[in-house]
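This report concerns only the one structure given below.
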Amino acid sequence: MTGTRHDRSLSFGAQAAAYERGRPSYPPEAIDWLLPAGARTVLDLGAGTGKLTTRLVERGLDVVAVDPIAEMLEVLSGALPDTPALLGTAEQIPLPDNSVDAVLVAQAWHWFDAQRATAEVVRVLRPGGRLGLVWNTRDERLGWVKELGAIIGREDARDVVDAGVALPAPFGAIERHEVEWTNYLTPQALIDLVASRSYCITSPSEVRTRTLDRVRELLASHPALANAAGLALPYITVAVRATLRPESGS
């Protein structure tokens, strides 16, 4: 992989607009499963351009978005001007102790220092609060999606998702839930999806250009894609949740 893990984790700002155009949202079933009953105040940690934030705001929740990249938060605030959007990291969350009912992390936990992030999540959660993690992973069992994966490589999250997330005490038992669904997008949105991947952003320009050209070639030549105005990209969304034991609040 090109660049250090830290560099790649902070690279998305260069392609914030492409990230917003190309990345999918999250299926309602997964979000409902992650949220604890009665939750009112939710922190979207590593919120990016607000793919998950939007779904939470639509539920009428009081949402705070935190992300370390100003360009991503600028896109989020353009769409959600009434939602607090704060610069910050998972290792130093800019919120008071015991201030939220749930912390949700979409497509980002694998970038965090898990030990430090866990301590901060415990600090900001109210006793009995919920930590929910979610990732969209491409379902590469079908022909053209498998070929796409061969071009653009393994997703950064897959090692964590496949190995299983481990969370130390004071969190209780970890539960896992998967949702299979399909995202419908345009050919250009698929290009944006690839362009917004950290590997592509941090690659030398010639590597980046070659990768995007190969995706365009796939779009033009694959029987399921050629001349199509819209594409059906199957996903498996992996959701993980754990509840803070009531006696563990700060």
Side-chain angles (χ1 to χ4, degrees), residues 9-96 99-112 117 120-121 123-126 129-137 155-157 177 179 181 183-185 189 192-193 196-198 235 237-242:
S9 74
L10 297 176
S11 68
F12 297 104
Q15 290 291 327
Y19 191 106
E20 176 60 21
R21 292 191 302 264
R23 296 295 182 110
S25 184
Y26 298 89
E29 178 187 333
I31 300 171
D32 291 342
W33 184 83
L34 287 170
L35 287 168
R40 292 302 313 159
T41 305
V42 180
L43 166 61
D44 185 357
L45 184 58
T49 62
K51 290 290 183 177
L52 177 61
T53 319
T54 300
R55 302 285 85 85
L56 298 172
V57 170
E58 288 173 349
R59 283 168 165 73
L61 298 168
D62 295 326
V63 185
V64 178
V66 170
D67 197 86
I69 303 174
E71 295 92 338
M72 302 289 269
L73 289 179
E74 184 177 351
V75 175
L76 184 153
S77 293
L80 300 169
D82 297 327
T83 298
L86 308 177
L87 277 172
T89 67
E91 296 80 14
Q92 289 185 297
I93 299 172
L95 292 180
S99 56
V100 296
D101 298 317
V103 176
L104 298 191
V105 182
Q107 222 73 23
W109 185 260
H110 57 287
W111 295 120
F112 300 165
E120 276 290 86
V121 168
R123 181 183 66 79
V124 301
L125 274 176
R126 296 185 177 114
R130 169 81 52 80
L131 172 61
L133 317 177
V134 62
W135 289 271
N136 286 322
T137 63
E155 295 171 293
D156 287 298
H177 181 62
V179 180
W181 64 290
N183 186 46
Y184 297 93
L185 68 170
D192 288 329
L193 170 65
S196 72
R197 295 182 72 243
S198 64
Y235 279 96
T237 293
V238 179
V240 174
R241 69 185 185 187

Approximate separation, where rounding is to 0.5 Å, of L133 CG and H110 NE2: 11.5 Å

Shortest non-hydrogen separation from S99 to T41 and the atoms involved: O-CG2, 3.6 Å

Check whether any side-chain N or O of S196 sits under 3.5 Å from a backbone N or O of L193 as a donor-acceptor pair, and report yes or no. yes

What class does the angle between the rings of W181 and Y235 fall in, given that below 30° is parallel, 30 to 60° is tilted and above 60° is perpendicular? parallel

If I compare all heavy atoms of T53 with all of A47, which pair ends up nearest, and what's the gap? OG1-CB, 3.7 Å

State, to 0.1 Å, how close L87 and A70 come at their nearest heavy-atom pair, and which atoms those are. CD2-N, 3.7 Å

Separation of L52 CG from Y26 OH (nearest 0.5 Å): 6.5 Å

Shortest non-hydrogen pair, Q107 vs R23, comes out as CG-NH1, 4.4 Å

Sorted by first residue and then second, give each salt bridge (Lys or Arg N to Asp or Glu O under 4.0 Å) pair with at least one member in residues 28-45; sequence neighbours left out. D32-R59

Return the set of residues passing side chain to side chain donor-acceptor pair (under 3.5 Å) with R55 (not counting sequence neighbours), or none when no residue passes. S25, E58

Under the side-chain contact (heavy atoms from CB on, under 4.5 Å) rule, what do V179 and W33 come out as? Steps first, then yes or no, please. CA-CA 10 Å; V179 180; W33 184 83; over 6 Å; no

Residues two or more places apart in sequence or in another chain: which of them pass side chain to side chain contact (heavy atoms under 4.5 Å, CB included) with P36? A39, A102, R130

Show, in sequence, the C-alpha distance, side-chain angles and deciding distance for L45 and F112, and conclude whether the side-chain contact (heavy atoms from CB on, under 4.5 Å) test is met. CA-CA 10 Å; L45 184 58; F112 300 165; 4.1 Å; yes

Go through the structure and list residues passing side chain to side chain donor-acceptor pair (under 3.5 Å) with T83, not counting sequence neighbours. none

Residues passing the side chain to side chain donor-acceptor pair (under 3.5 Å) test with D101, sequence neighbours excluded, are R126

Here the gap from E91 atom CD to E120 atom CD, rounded to the nearest 0.5 Å, amounts to 8.5 Å

Under the side chain to side chain donor-acceptor pair (under 3.5 Å) rule, collect the residues that match up with D67, sequence neighbours excluded. none

For I93 and L43, which heavy atoms make the closest approach, and how far apart are they? CG2-CD2, 3.9 Å

Just wondering, do L104 and V134 contact through their side chains at under 4.5 Å, heavy atoms? no

Residues L86, L95; criterion side-chain contact (heavy atoms from CB on, under 4.5 Å); working and verdict: CA-CA 9 Å; L86 308 177; L95 292 180; 4.0 Å; yes

Looking only at heavy atoms, which two atoms of V63 and L56 are closest? And how far apart? CG2-CB, 3.7 Å

Within a strict 4.5 Å, meaning less than it, do heavy atoms of the L61 and L35 side chains meet? yes

